[in-house]
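This is a predicted model, so every value here is computed, not measured.
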Amino acid sequence: MDNNIALSVKNLTKYFYEPETFQVLKDISFDVQKGEFLSLVGKSGSGKSTMLYVLSSMDTDYEGSLEINNVMLTGKTQNELAAFRNANIGFVFQFHYLLPEFSSLDNVMLPALKLGQKSKEEIEHDALENLSLLGLKEQALKSANKLSGGQQQRVAIARALINNPSIIMGDEPTGNLDSKNTKIVFDIFKQLAREKGQTIITVTHDDDFAANSDRIIELQDGELLK
Amino acid sequence: MIKSTNNKIAFAHLTSRLRQTLVATLSVTFGISMYIFMNGFMNGVNNITSDLSFSTLAHIRIYNDIPEDRSNLLKETVKPNQVINIRGAKTIKYTEGIKNSAQIIDLLKKQQDITGATQQVNINVFFRNGATKVNGLLSGIDVENENKLFKTSTYMTDGKWNDLNFRTDGTIIGIGLATKMSLKINDNLVVTTADGVTKSFKIIGIFKTTVAGVDNTKAYIRINTARQLLSENQSYVTDIQVDIKDYNQARTVANRIAPFVPYKVEPWQVSNGQLEATSQLRDILAIAVSLTILIVAGFGIYNIMNMTVNEKIREIAILKAMGYASKDIVEIFLTQSIAIGIVGGIVGILLGFLISFGVNHVPFRIATLQTLPMTYYIKDYSLAFIFGLITTFVAGYLPARKASNIDPVTIIRG
C-alpha cells in the first residue's frame, strides 16, 4: 500500500528467560520511512540494542510482527532471513567483527560474493570505492587484524554498504571512533539517506550524532518514549 | 563463485591456526596409524600362530577309522519287546589302513583348492637302544611331499632331510628321542612293532620341531620300508595328509570330497577343536581391539573439530549476519574437516606403515621366528583411510550444523 514505509513493527514484545524471565520490549509499534535517518537512544538496559537485533532479523525469538520493504519477515526460516539480510540489510556492530585472516578488501567483498549478482572484478571495484570513501584506500590489502580499531570499524562500515542495502543498521557504529571519524561516518550516513534514499537506523549514545539525525526514538524500560 | 569464497574462508581458518590444525591432523594421523599397526600386528600374530600350528598338522587328514561300536549287532533287527543276550562280543576282522591310496591321490589331484597331499604309513612302535625302551611313532613318509606339506627339512639340526631318499634303512629321529636314548647320528636304532617284528635302522638325521611331544616320540623312515615292516603292499597307507589353499575352508573341502572317499575325511577343526577355538578368539580379539582404536580415535577427532567450530562460532555468527546461509557454514567447516581428514589420513597411512615396518624388524628369536610378525594388507590401509574420512566428516558436520542453526544474535550477544 504505502510504498514509502521501509520498516514496520507491530506489537513487538520480547522476553529474556535467563537468568529469570524478564520482559525487555513491551508492545512496541512504529514505522520508519524510506530514506529516513533514525537514531535509537536510551539508557543502558533500556532494550535498544535488543530491539535493533530484532529489527535486523538476526533475533527471531520475539512476539509481534516485523515487515521490511513490505516483506513480512516474521515466521521466515533462518536461511530465508539470511538471504534477505544479504540483499537488503547492512549491519554495523558495536565491535567490528571482521574476519581477522582476511584483508580489508576481502572482508568488504564477502557479502557481495555471497549475493553473487556481480562479477568478482565489479565487486572488487565497488569494495575499493567504498574503502576510499572511508579513507581506507591505503589499507585495502592489509589483513584486518593489522589495522587500528578505528580503521577496523570503518572497514566494517564499508562491508555493510557493499550490497547497497535499502536499510543500514548500526549498533553504536561510531562508539569506537574519534570525533573526526565519527563525523566522516555521520556524513556518509546522511549522504546515503539523502542521495540514495537508503534508510539508516542506529543505536547511539552520542547526543550530537542523534541530534543531527532526522528522527529520534527513545526507549525507556522497554517502552517507547515519544 | 560462492563455493570458492567458502573454500577461501575454510582455507583461511586452517592456515591461521596452524597449531590447532596440526593437532587435529595429528589426532587423525595417530588414530589411523594405530589402527593400521594394530591390525597388521594382530594379523601377523594370527598368521604365524596358524603357521606354527600347521607345521605338524595338515588341513585335512584321510584315514581308516576303527570300526564303530559293534557290541550290539542285532540292534536294528530286534523289536523293542524282544530280549536278546550277547556275551563277549568282539570284532574278528576289519581292514586296517587305506588300501587303494593311488585312486584317492588321483581324485585329490583333480581338486583345484588342494595344494598338496602326502601319504604316510604310521606305526606305533617301541624304540630300543640297549636296555632303554621308548614308546613312539614310526612314520613312513614320502620324502618330497612330506617336506612340501610340513617343511620338515627346515627343522633338521643334524644331517639332511633328502638323504632319506638314498638310504632304505635310514631314519631321522626327533631330538628328544635321541637325547632320551643317548643316540647320535650314524648310531643304530632298533624298532619293534606291535606284531613283534624287529628291525634295525641307521640314524642319518635329527630334527627339532616346535612341539616337544613330537620331538620326543617320532622317527621318520621311507614309506616303502614301513610297508615292508608291516608286510603290506605298495599302495598301503595309514594316513593321507592334505593341505588346501585356505585352511579356514577345510570343513567345506572335506565335506565335498568325503562322498567320493570310502574313509574318514577329517578337517583340522574336528581333530583339533582347541585350535579352532583359539583361532576364532584371536579373530574376535583383533576386531575388538581395532574397534576400540576406531572409537577412541573417532572421539578424539570429534573433540578437536568441535573445539575448532566453537572457537569460530563468533565468525559463524558474523557470516550469518552478513547473509551466509546455514549450508554455507556447514560447507565451510566440512571443507576444513575433510581437508584435515585427507591430509591426516595420508600421513597416517605412511606413519602406520613405518611403525609396522619398524616393529616387523624387532628381533624375536623363538621357535622358527626371527622377528615380530606383521602383515601389510591393502584392505587394512584403505579401511583406515575411509574410516578417517568418515569420522572427520561426522566430527565436522555435527558441530557445524548445530552452530549454523542458531540465531546469530545469541552468539554475538554472548
Side-chain angles (χ1 to χ4, degrees), chain A residues 14 16 18 49-50 52-62 77-103 106-120 123 143-145 156 159-160 162-163 165 169 171, chain B residues 1-22 24 308-336 339-340 399-414:
Chain A
K14 180 173 171 63
F16 280 156
E18 300 274 333
S49 286
T50 306
L52 189 71
Y53 283 122
V54 171
L55 298 186
S56 73
S57 84
M58 282 191 273
D59 190 348
T60 54
D61 182 18
Y62 60 86
T77 66
Q78 284 269 345
N79 283 344
E80 287 167 341
L81 290 176
F84 186 85
R85 279 198 295 276
N86 188 231
N88 298 294
I89 302 175
F91 202 97
V92 185
F93 297 92
Q94 200 165 357
F95 185 65
H96 63 83
Y97 289 137
L98 300 174
L99 303 193
E101 302 92 353
F102 282 23
S103 70
D106 284 336
N107 265 295
V108 174
M109 287 167 69
L110 278 176
L113 289 173
K114 170 66 194 171
L115 191 63
Q117 279 179 351
K118 294 178 182 169
S119 74
K120 203 172 172 193
I123 293 170
S143 85
N145 54 8
R159 180 177 67 183
I162 188 71
N163 280 347
M169 298 191 191
D171 185 7
Chain B
M1 172 72 78
I2 187 65
K3 264 194 170 22
S4 69
T5 313
N6 286 353
N7 287 348
K8 198 174 161 187
I9 298 174
F11 183 74
H13 282 177
L14 284 174
T15 46
S16 70
R17 299 265 173 140
L18 268 182
R19 238 186 60 147
Q20 201 178 25
T21 309
L22 204 69
T308 314
V309 172
N310 274 332
E311 216 160 80
K312 295 287 175 196
I313 202 145
R314 212 162 267 271
E315 274 184 29
I316 294 177
I318 304 307
L319 286 170
K320 288 194 80 176
M322 291 191 306
Y324 281 69
S326 299
K327 77 169 183 28
D328 294 317
I329 308 292
V330 171
E331 194 183 305
I332 287 169
F333 284 92
L334 267 192
T335 311
Q336 293 184 51
I340 288 176
R401 196 192 54 176
K402 198 181 116 208
S404 71
N405 278 336
I406 38 180
D407 269 347
V409 73
T410 35
I411 304 167
I412 291 170
R413 204 188 284 125

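If you measure heavy-atom distances from B:Ile9 to chain A, the contacts under 4.5 Å come from both the backbone and the side chain. With a 4.5 Å cut-off on non-hydrogen atoms, A:Tyr97 touches chain B through its backbone and its side chain both.
For A:Phe84, the CZ atom is densely surrounded, since the number of other residues' heavy atoms within 6.0 Å is greater than 12.
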Candidate pair A:Leu99 and A:Leu110, rule side-chain contact (heavy atoms from CB on, under 4.5 Å), full reasoning: CA-CA 10 Å; A:Leu99 303 193; A:Leu110 278 176; 3.4 Å; yes

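Heavy-atom pairs under 4.5 Å with chain A peak, among B:Gly323, B:Pro408, B:Ser404, at B:Gly323. Ranked by heavy-atom pairs under 4.5 Å with chain B, the list A:Glu80, A:Glu101, A:Met109 is led by A:Glu101.
Here the shortest heavy-atom pairing between B:Glu315 and A:Pro100 reads OE2-CD, 3.3 Å.
Within the 3.5 Å criterion, the main-chain N or O of A:Leu115 finds a donor-acceptor partner in the side chain of A:Asn86.
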